[in-house]
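Data first, discussion second: the structure below is written as structure tokens.
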Amino acid sequence: MQLSFVNALLRPRVHLGLQASRTFLTVPVNFSRRTVPKSCLAAEVTSSPLCNSWLYRRCYSVVAQRKPAVLHSLEPRFFSANAFHGAAQTSQLPILAPPAVGRWLLFSSAMVFAVIVVGGVTRLTESGLSITEWKPITGIIPPMNVEDWSVEFEKYKATPEFKLLNHSITLDEFKNIFYMEWGHRVLGRLIGIAFVVPLAYFGLRKKLTASMPMQLTGMALLIGFQGFLGWYMVKSGLEDSIMDTPGAVPRVSQYRLAAHLGTAVVLYAGMLGTGLAAIKDWRYARGGSWSGSSTMNWQNVLSNPVVKRFSRLSKGLSALVFLTALSGAFVAGLDAGLLYNEFPLMGGRLAPPMDDLFSSAYAKNADGSDMWWRNIFENPTTVQFDHRVLAMTTYLSTCMLFAYSRRPAIRALLPPLARKSVTAAFAMANVQVLLGLATLLYLVPVPIAAAHQAGSIALLSTMVHLLVSLRRPGLAAQMWRKAGMQAKSSGL
């Protein structure tokens, strides 16, 4: 059997002779993954009638010369184990969120941006009190016929806003403000669905980085809390006690309005920052550049004391932008923008008189101990003055940070995306100041005022991008990049 197998596969070679076959008898051969002494193979062959033939010697000589090459290819290392080895390494790496997660978060943040702008228009058009009930499920369907509209209109007629301000409103005019508030509420519900459903999908498919589930679950809960907080705000403008207060104007509580807006801004910044970080981590893990630079080492950059100081200043400016936007909610809630429609003076002075800023009329305690803080949050004159001071402080701080980043020594240390973000923040700060002045001087027109509110979120967006460009890559991204570099260097 062995002889027929050898004679069938091998071709005789004339120039090889008996001497080769004799040498072959002393060499072990790897055959079928076993080491077999050549003498054993020779014993089987010599039992054949062809043992003394010249053809046998030539064929056997060929076996001596070619067999190691043939059998070498049958060894286990012929079958590559690199794919399995790479899979084993990948399975040991932590989960890294794919770009789809980042794009979903950016889309969600865009929807939150839109609902903030729509909410601002709803407030500016005084449409927020047109729906007097909160129905999270059935409220998504508007009135479908004349009877349903009549029922809703009768409910609105019972509100202080109708009795004091809109007592002459018609049904068609009521439909306009109703649809404004309804659209705001429906958009909020769509945000919840567009966020929670993909969150469950990515969570079940294990596509989220280790720190993401807790963060994103907190955002989902915040969305639900926003719905309740929105109704809690609207409810404050429907209370009948407003009718008993002389000179009172039906409006929502400025405290609840600021809480509603502040929560939305926090939610927006969280979604935007997390989405940007996820996309940048993926690119970095795949061998891309960090913060737009392929030559900078992020450990060296972020450990530099100058960059650390710049990062702290950026965080402080981001907090200042948020605080200024929050003070704008108090201006809106008290209609303080309709006072002192001039700039930079207020009543011909840089600052109103102290009696106007801190009036005892706003104190509710007998000893007047609450006068100072109630004026800050409830006096329209003080609220507008505070907003002016915060706005100018934010603008000057942005200009100073931009000028600081333009210094050659600082510019050489900052990554490219950080420099671009500072420039964008400086440009947006100028636009925002112009929108604020136009809103004030033209008595709060709806389009300009809505653009001013959107501008505050856009300015905050540039600051969020600046902070993301100065962050270190996530731990999962670092490990993936390290594994990729090791695989590349080893030729895998």
Side-chain angles (χ1 to χ4, degrees), residues 96-99 101-110 112-113 209 211-212 215 265-266 268-322 394 397-432 455-478 480-481:
L96 181 65
V101 174
R103 290 192 291 266
W104 157 61
L105 289 172
L106 293 182
F107 176 75
S108 298
S109 67
V112 175
F113 184 95
T209 308
S211 60
M212 278 188 174
Q215 296 176 358
V265 173
V266 170
Y268 168 78
M271 290 179 176
L272 178 64
T274 307
L276 290 174
I279 292 178
K280 293 182 184 299
D281 279 356
W282 176 265
R283 292 175 180 173
Y284 179 79
R286 304 283 290 183
S289 61
W290 170 77
S291 196
S293 175
S294 57
T295 58
M296 287 184 171
N297 184 284
W298 65 266
Q299 292 97 332
N300 297 335
V301 173
L302 298 182
S303 62
N304 191 297
V306 177
V307 178
K308 285 184 177 181
R309 182 173 184 270
F310 185 87
S311 180
R312 289 194 297 268
L313 293 175
S314 301
K315 293 177 181 178
L317 181 56
S318 301
L320 188 59
V321 171
F322 174 77
T394 301
S397 300
T398 306
C399 294
M400 292 175 63
L401 186 66
F402 173 71
Y404 183 63
S405 68
R406 300 294 295 180
R407 293 172 57 182
I410 306 300
R411 183 179 178 83
L413 295 174
L414 295 177
L417 285 183
R419 297 196 300 266
K420 292 179 181 179
S421 298
V422 175
T423 304
F426 173 70
M428 194 62 232
N430 284 276
V431 174
Q432 181 66 350
S456 65
I457 308 302
L459 178 58
L460 182 63
S461 301
T462 61
M463 296 306 303
V464 170
H465 191 272
L466 174 59
L467 296 180
V468 172
S469 65
L470 291 175
R471 67 181 284 273
R472 65 181 60 198
L475 181 60
Q478 296 179 38
W480 275 81
R481 184 182 179 93

Going by atom types alone, do Y268 and S461 pair a side-chain donor with an acceptor below 3.5 Å?
-> yes

To the nearest 0.5 angstrom, please state how far the [atom1] atom of [X] sits from the [atom2] atom of [Y].
X: K280; Y: S289; atom1: NZ; atom2: OG; answer: 8.5 Å
X: M428; Y: I457; atom1: CE; atom2: CD1; answer: 10.5 Å
X: L317; Y: L460; atom1: CG; atom2: CG; answer: 10.0 Å
X: L320; Y: T398; atom1: CG; atom2: OG1; answer: 7.5 Å

Who pairs with R419 by salt bridge (Lys or Arg N to Asp or Glu O under 4.0 Å), at least two apart in sequence or on another chain?
->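 Salt bridge (Lys or Arg N to Asp or Glu O under 4.0 Å) check on R419 returns nothing, list empty.
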
CA sep, side-chain torsions, deciding dist, call: V101, M212, side chain to side chain contact (heavy atoms under 4.5 Å, CB included) | CA-CA 10 Å; V101 174; M212 278 188 174; 4.0 Å; yes

So side-chain hydrogen bond (donor to acceptor under 3.5 Å, both in side chains) across residues 306-316, not counting sequence neighbours, yields R309-Y404

Give a yes or no on whether the backbone of [Y] and the side-chain of [X] come within a donor-acceptor separation of less than 3.5 Å.
X: T209; Y: A97; answer: yes
X: N430; Y: F426; answer: yes
X: R481; Y: Y284; answer: yes
X: T274; Y: M271; answer: no

Specify the closest pair of heavy atoms between [X] and [Y], including all atoms of both residues, with the distance to one decimal.
X: L413; Y: V301; answer: O-CG1, 3.6 Å
X: V321; Y: S456; answer: CG1-O, 4.2 Å
X: G102; Y: A278; answer: CA-CB, 4.0 Å
X: S469; Y: A418; answer: OG-CA, 3.4 Å
X: S318; Y: L467; answer: OG-CD1, 3.6 Å
X: P98; Y: W282; answer: CA-CE3, 3.8 Å

Check against side chain to side chain contact (heavy atoms under 4.5 Å, CB included), F310 and S405 = CA-CA 8 Å; F310 185 87; S405 68; 3.9 Å; yes

Partner residues of S421 under the side-chain hydrogen bond (donor to acceptor under 3.5 Å, both in side chains) criterion, sequence neighbours left out | H465

With a 4.5 Å limit on heavy-atom distance, are the side chains of P415 and W290 in contact?
->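 The answer is yes; the side chains approach within 4.5 Å.
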
Just wondering, do L401 and L466 contact through their side chains at under 4.5 Å, heavy atoms?
-> yes

For a salt bridge (charged side-chain N to carboxylate O under 4.0 Å, His left out) with D281, tell me which candidate from R471, R472, R286 qualifies.
->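 Single pass found, and it is R471.
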
Other residues, nucleotides, ligands: >12 heavy atoms within 6.0 Å of F107 CZ = no

From CA spacing to verdict: side chain to side chain contact (heavy atoms under 4.5 Å, CB included), L272, F113 | CA-CA 10 Å; L272 178 64; F113 184 95; over 6 Å; no

Given side chain to side chain contact (heavy atoms under 4.5 Å, CB included), test L106 with L276 step by step and report yes or no.
-> CA-CA 7 Å; L106 293 182; L276 290 174; 4.1 Å; yes

